[in-house]
Amino acid sequence: MKPYEAQELSIYNSLSKNKEKFVPTTPGAVGMYVCGPTVYSNVHLGNCRTFLSFDLVFRYLKHLGYKVRYVRNITDAGHLENDGESGDDPILKKARIEQLEPMEVVQKYSVDFHTVMQAFNALPPSIEPTATGHIIEQIQIVQCILDEGFAYEKNGSVYFDVLKFNETNHYGKLSGRQLEDMIANTRELAAQSEKKNPQDFALWKKAEPQHIMRWPSPWSDGFPGWHLECTAMSTKYLGNKFDIHGGGMDLKFPHHECEIAQAEACNHESPVNIWMHANMLTLNGKKMAKSTGNHILPHELFSGENDILSKAFPPVVAKFFMYQAHYRSILDFSSEALEASEKGFYRLMDAYRMLQGIATGPTDDWDVTTWRQSCYDAMNDDFNSPILIAQLFEAAKFIHSLKESHGSITKNGLDLLQTTLHDFLFDVLGLLDVSEISEGEGDKLSKTIQLLINLRNEARTNKDFTTSDRIRDELLEVGIQLKDGKEGTSYSLN
Ligand code: AMP
Ligand code: ZN
């Protein structure tokens, strides 16, 4: 029997606004699509939170024994600022600033994204398609929507006719917006606009002469609208109707609403069974965002190089911090909150390692089987990681009491406890076994490094730069990087 047959997983569906029992279309197999990053700058921790939320979903579905096809795209064309109204292509803009080919910009930030995801121990998706690699598929969908009568061409560009679509379908069903309200709340179309109505969105845009990312099409040399790539790539790899579509909450409208409209217009069916939306990571109470500069970058977190941070934090601690909140809740980032998570994380790791030395006894003073099911219950309830982590802390408490000989556990009980902790800590949450740097040992390491920093400072005061440089260089060789700043010297473990 597969584990999923013994568990009843419910997932909150943003479309129905209810938690629903999860029943994949094909028994035992799940198709999941998640909108990936637009690769024109480094991902910030907010982006990472969304991708880590879906890493948890991917891992848990796999843990339950499902065969999961997880598709997460790379947006390397078409995502215009201002939703295409007057905006520039940020990849082209960056290419001009950095004097690079647009594809060099794409490569640079795709590599950054992958490196960061790896540092967080996120699993790679099963397929990672790019928008530029699927232009033909996108052109086919534009043609299909035109043939169905839900789009019109104007001066070489093609727009989706939202009002026409809404006569037979429901535009706004995901975001809960009413088309009449949208119409009432929008300004008049600018005189130069080619659209029939402000709600219409671009399926294909004719390229201006300076727009060098362009492809031939029946309508013009141009490029696809942003919403189209996800319709093309999700249906290509997962079929016209698939199980789960995810993304950050801010993509619900217009991006996902438009995806539904495009797929319904062309395929005559709604593309997705369950829409999942991950909530935002905030900083100082405001959404972390590339555009406002209100963000922290992963490398700043790992090195401590940001005034907001009291010190450096390893990726696994940041991940643990994020999972201490449910994916549908807003989470505010702060150095203090991370420090609290770090303590908890090491406490769990210490407890896990303590299991090695526990002597078994004649009775079980703790019902491990019931506790194991509570861990599943937490995850079955819309991937409730904070409740799962609370259950793991309960186990840690029990392990500490065993260590102090205040209880007993049988050999079977101990084995089950160990397996369950291993499953949830490493397989499901995807934390890393940092037993080498547990809190106790980490403390010894940091005191030792501090001693070396003090010796280096003394050497520098005495102008003995041979010694001070040697301390810095030899520490670097073993993977410890010293950084001199306003507040003194800090370090990071590479
Ligand atoms: P982008 O590269 O801007 O398309 O964003 C990539 C993903 O990150 C999308 O799913 C966004 O919804 C998500 N995202 C952007 N900002 C945040 C944030 N502050 N917190 C969580 N997710 C975010
Ligand atoms: Zn998308």
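Being a predicted model, the structure only gives us computed values, none of them experimental. Whatever order the structure lists them in is the order used to number ligands and atoms, beginning at 1. Just so you know, residue 1 is the first one in the sequence shown, and it goes up from there.
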**Q** Check whether any N, O or S atom of His255 sits under 2.8 Å from the Zn ion (ligand 2).
**A**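 Short answer: yes, at least one N, O or S atom is under the cut-off.
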
**Q** Of the protein's non-hydrogen atoms, which lies at the shortest distance from atom 20 (N) of ligand 1, and what is that distance?
**A**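 Going by distance alone, atom 20 (N) of ligand 1 is nearest to Leu281 N, 2.8 Å.
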
**Q** Considering only heavy atoms of Lys290, which atoms of ligand 1 have at least one such atom less than 4.0 Å away?
**A**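 Counting atoms of ligand 1 from 1, those under 4.0 Å from Lys290 are 2 (O).
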
**Q** Which protein heavy atom lies closest to atom 4 (O) of ligand 1, and at what distance to 0.1 Å?
**A** Thr38 OG1, 3.4 Å

**Q** Measuring from Glu339:CD to Lys311:NZ, what's the distance to the nearest 0.5 Å?
**A**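 Between Glu339 CD and Lys311 NZ, I get 6.5 Å after rounding to 0.5 Å.
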
**Q** Report the part of Asn47 in contact with ligand 1, treating N, CA, C, O as backbone and CB onward as side chain, heavy atoms under 4.0 Å; options are side chain, backbone, both, neither.
**A**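 Near ligand 1, Asn47 shows its backbone as well as its side chain.
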
**Q** Quick test of your reading of the structure: of Leu52, Asp250, Thr50, Leu45, whose heavy atom lies closest to atom 11 (C) of ligand 1?
**A**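 When every heavy atom of Leu52, Asp250, Thr50, Leu45 is considered, Asp250 comes closest to atom 11 (C) of ligand 1.
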
**Q** For His295, state whether at least one heavy atom is located under 4.0 Å from any atom of ligand 1.
**A**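 No, His295 has no heavy atoms under 4.0 Å from ligand 1.
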
**Q** Among Thr75, Thr50, Val43, Asp76, which residue satisfies the side chain to side chain contact (heavy atoms under 4.5 Å, CB included) criterion with Pro37?
**A** Val43

**Q** At less than 4.0 angstrom from any non-hydrogen atom of Lys287, what atoms of ligand 1 do you find?
**A**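 Answer, ordered by atom number: 16 (N), 19 (N).
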
**Q** So which bit of His44 gets within less than 4.0 Å of ligand 1, heavy atoms only: side chain, backbone, both or neither?
**A**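 Looking at His44 and ligand 1, just side chain atoms fall under 4.0 Å.
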
**Q** Can an N or O of Leu251 be found at a distance shorter than 3.5 Å from an N or O of ligand 1?
**A**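 Not met; the criterion fails.
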
**Q** Within the structure provided, determine whether Cys48 and Val116 are in side-chain contact (heavy-atom separation under 4.5 Å).
**A**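 In contact.
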
**Q** For Gln118, does the CD atom sit with more than 12 other heavy atoms under 6.0 Å from it, leaving out its own atoms?
**A**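 Not buried by this count: 12 neighbours or fewer within 6.0 Å.
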
**Q** Among all the protein's non-hydrogen atoms, which is closest to atom 21 (C) of ligand 1, and how far away is it?
**A** Gly46 O, 2.9 Å

**Q** Please list, in number order, the atoms of ligand 1 under 4.0 Å from a heavy atom of Phe51.
**A** 6 (C), 7 (C)

**Q** Check the angle between the aromatic planes of His256 and His277 and answer parallel, tilted or perpendicular using the 30° and 60° thresholds.
**A**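 The arrangement is tilted - the two ring planes meet at 30° to 60°.
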
**Q** Are Lys290 and Tyr40 in a cation-pi contact, defined as NZ or CZ under 6.0 Å from the six-membered ring centre and within 45° of the axis?
**A** yes

**Q** Measure Asn279 to ligand 1 on non-hydrogen atoms and call it side chain, backbone, both or neither using the 4.0 Å cut-off.
**A**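 Under 4.0 Å from ligand 1, Asn279 contributes backbone atoms alone.
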
**Q** Can you confirm, on distance only, whether ligand 1 has an N/O atom lying under 3.5 Å from any N/O atom belonging to Pro37?
**A** no

**Q** Taking only heavy atoms of Met288, which atoms of ligand 1 are found under 4.0 Å from at least one of them?
**A**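 Here the atoms of ligand 1 in question are 16 (N), 17 (C), 18 (C), 19 (N).
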
**Q** Can you confirm if the NZ or CZ of Arg177 lies within 45° of the ring axis of Phe253 and under 6.0 Å from the centre of its six-membered ring?
**A**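 Satisfied, under 6.0 Å and within 45°.
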
**Q** Is the Lys NZ or Arg CZ of Arg328 less than 6.0 Å from the centre of Tyr12's six-membered ring, within 45° of the axis?
**A** yes

**Q** Can we say the SG-SG distance for Cys230 and Cys35 is below 2.5 Å?
**A** no

**Q** How about Phe120 and Phe51: are their ring centroids closer than 6.0 Å?
**A** no

**Q** Purely on distance, is any nitrogen or oxygen of Met280 under 3.5 Å from one on ligand 1?
**A** no

**Q** Looking only at protein heavy atoms, identify the closest one to atom 10 (O) of ligand 1 and say how far it is in Å.
**A**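 Of the protein heavy atoms, Gly248 N, 3.0 Å lies nearest.
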
**Q** Please say whether more than 12 non-hydrogen atoms of neighbouring residues, nucleotides or ligands are located less than 6.0 Å from NZ in Lys93.
**A** no

**Q** Suppose we only count N/O/S atoms under 2.8 Å; would Cys230 qualify as near the Zn ion (ligand 2)?
**A** yes

